[in-house]
Protein chains: 2
Amino acid sequence: MDTDCPPAERRWPEPRPAGYDPGAFTPFAVTVDIVLMTVVQRQLKLLLIRRGRPPYEGAWALPGGFVKPDEDLATAAARELLEETGISTTTGSLRQIGSYGDPARDPRMRVVTVAYGAVAVRLEEAPRGGSDAAEAELVPVAEVQSDRLPLAFDHRRIVDDAVDRLRADLETTGVAHSFCPPEFTVRELREVHEAILQTELDSGNFQRKVTGREGYITPTERRAPTGERGGRPATLWRAGRPEDAE
Amino acid sequence: MDTDCPPAERRWPEPRPAGYDPGAFTPFAVTVDIVLMTVVQRQLKLLLIRRGRPPYEGAWALPGGFVKPDEDLATAAARELLEETGISTTTGSLRQIGSYGDPARDPRMRVVTVAYGAVAVRLEEAPRGGSDAAEAELVPVAEVQSDRLPLAFDHRRIVDDAVDRLRADLETTGVAHSFCPPEFTVRELREVHEAILQTELDSGNFQRKVTGREGYITPTERRAPTGERGGRPATLWRAGRPEDAE
DNA sequence: CCCGGTTATTGTCGAGATGACTCTAACATG
DNA sequence: CATGTTAGAGTCATCTCGACAATAACCGGG
């Protein structure tokens, strides 16, 4: 979020290496920002936090913050997400989107931010469990990309890049699963695809495609409870191959 | 390259914003590293520089260096490439690969590096035109990926990521063109694909594919000079649509 | 219990993409 | 002019994918 300034625990690892001159290069602040996405009500949404101080005071921004002295970038992203939203993720599930370092992107000082994409399973409303008490909200990605909801800093561009990346990953990886609970119906999986790609998919063709893809999903013996208006009960599936314990 | 320490021109932009405490966060060094790739003799090669000082003194490393106080990341990458190799690129042709910030990746201090991919047209041998006099060499990517040629820092991983990215981009973008001169034959384009994908492609099918792809390449009236062993002269093509002036 | 409504899943069919392969065109050399 | 070489078009079986049935399995109401 480029906001909060944690106390400097120590400026440099000690002992300072011989022959190293701390004044010989430009110091940067390095932050991480997280684009946490979820699909709810057939809509792709992302988590935003309202800034409590200038610049961009009162504006919506991505959760994030400074990387600590002995922390990996992905670790910092997972920590910030936990602190600000209470959502726990593994560093392996975070995907690096890119880095943003325009000299003017933060009016206070020179900041380079590394953006990470994360996925939550059907997050209905913004969590309040974060230790950093701050107003959080889940907003549709369309609200941001249509400029109806402006963001602080260059976060709009980060969101665009994260969504582009998510769309590309949808075809080539199994990201779609991480939007669903451990057991899910093909319909749920299809609605995730539809929300992300902003398109309608033929249910029959989609079924054929995902069930035919080797090692993509495996059926269970269980059925999902039927809906309000009846209909044939859907098979519950799990991600990956049969052996996979995921 | 994580090596050279340029003089700090100024540590922070002046005037220092009110309410900003320079000790309140951890300062990082931010560098850029460039993976410059080219296809020569049907081989994908990349440019390396021999380090002249510890750590990893004498080891091969990617060209790169510190980002300056008022410089964008991509601008820094283009500048470092020019300084160290004499090769001039536009920031638009640089592709950001990712950022690497393991706390232990540089034994001297906390460094985050942003890696960029760049492409040169049939670079036969390592250029000596850089103002930073350093030993440079073009080595086959296979030498690096087979561990026959170890690299400094985490540059091996950066190379892996850059090559993965290049392979993905090959299908979805027009990167392949940038390995070729403005006018090229379909054969040259195919050999670029083959070198990058490490596979043999059927010449007829490849011809059909690239000529059939709308707006991908356009024929000229000119023919390439025939080879040593004769053969029908090949049509010269240009990248993009007919109107494009590229 | 039978019937229409609803959803899940399978099947059919045609258009286009792809891989293996053949065939022709246009040059060179002797 | 025969022969070798490369460029590029053509052939054909296979695969993929979208549009569109058809069938299966549940609901609630008569």
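Side chains are part of it too, since the values below use all heavy atoms of this structure and drop only hydrogens, waters and symmetry mates. For clarity, every value in this text was computed on a predicted model and none was experimentally measured.
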Please test A:Arg222 against A:Glu183 for salt bridge (charged side-chain N to carboxylate O under 4.0 Å, His left out), starting from the C-alpha separation and ending with a verdict. CA-CA 9 Å; A:Arg222 297 164 25 82; A:Glu183 297 196 341; 2.9 Å; yes
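- The distance between atom CD of B:Glu228 and atom P of C:dC27, rounded to the nearest whole Å, is 19 Å.
- Of all nucleotides in DNA chain D, those with any atom nearer than 4.0 Å to a heavy atom of chain A start and finish, going 5' to 3', at D:dC17 to D:dC27.
- Between the P atom of C:dG19 and the NZ atom of B:Lys209 lies a distance of 6 Å, rounded to the nearest Å.
- The pair A:Arg165-A:Asp161 does not count as a salt bridge, with every side-chain nitrogen at least 4.0 angstrom from each carboxylate oxygen.
- Judged purely by atom type and a 3.5 angstrom limit, A:Glu80 has no side-chain atom pairing as donor or acceptor with the backbone of A:Asp33.
- The interatomic distance linking B:Asn205 (CG) with C:dC21 (C1') rounds to 9 Å, in whole Å.
- In terms of phosphate contacts, A:Ser203 brings no side-chain nitrogen or oxygen within less than 4.0 Å of OP1 or OP2 of C:dT7.
- For B:Arg213 and C:dG16, the CZ to C1' distance is 16 Å, given to the nearest whole Å.
- Residue A:Arg229 places at least one side-chain N or O closer than 4.0 Å to OP1 or OP2 of C:dT7.
- Along DNA chain C, the nucleotide nearest A:Gly231 and the nucleotide nearest A:Gln207 are compared for position; the residue whose nucleotide lies closer to the 5' end is A:Gly231.
- Of the side-chain N and O atoms in A:Arg187, one or more sit less than 4.0 angstrom from OP1 or OP2 of C:dA8.
- Although no hydrogens or angles enter the test, the distance criterion places a donor-acceptor pair under 3.5 Å between the side chain of A:Thr113 and the main chain of A:Thr31.
- For A:Trp237 and C:dA8, the CH2 to C1' distance is 11 Å, given to the nearest whole Å.
- The nearest heavy atom of DNA chain D to B:Leu236 and to B:Arg208 marks one nucleotide each, and the one closer to the 5' end goes with B:Leu236.
- Between A:Lys45 and A:Glu143 no salt bridge is recorded (no basic side-chain N to carboxylate O distance below 4.0 Å).
- Taking atom CZ on A:Arg232 and atom P on C:dG5, their separation rounds to 20 Å, with Å as the unit.
- Distance, A:Asp202 CG to C:dT10 P: 14 Å, rounded to whole Å.
- What separates CZ of B:Arg223 from C1' of C:dA25 is a distance of 11 Å, to the nearest Å.
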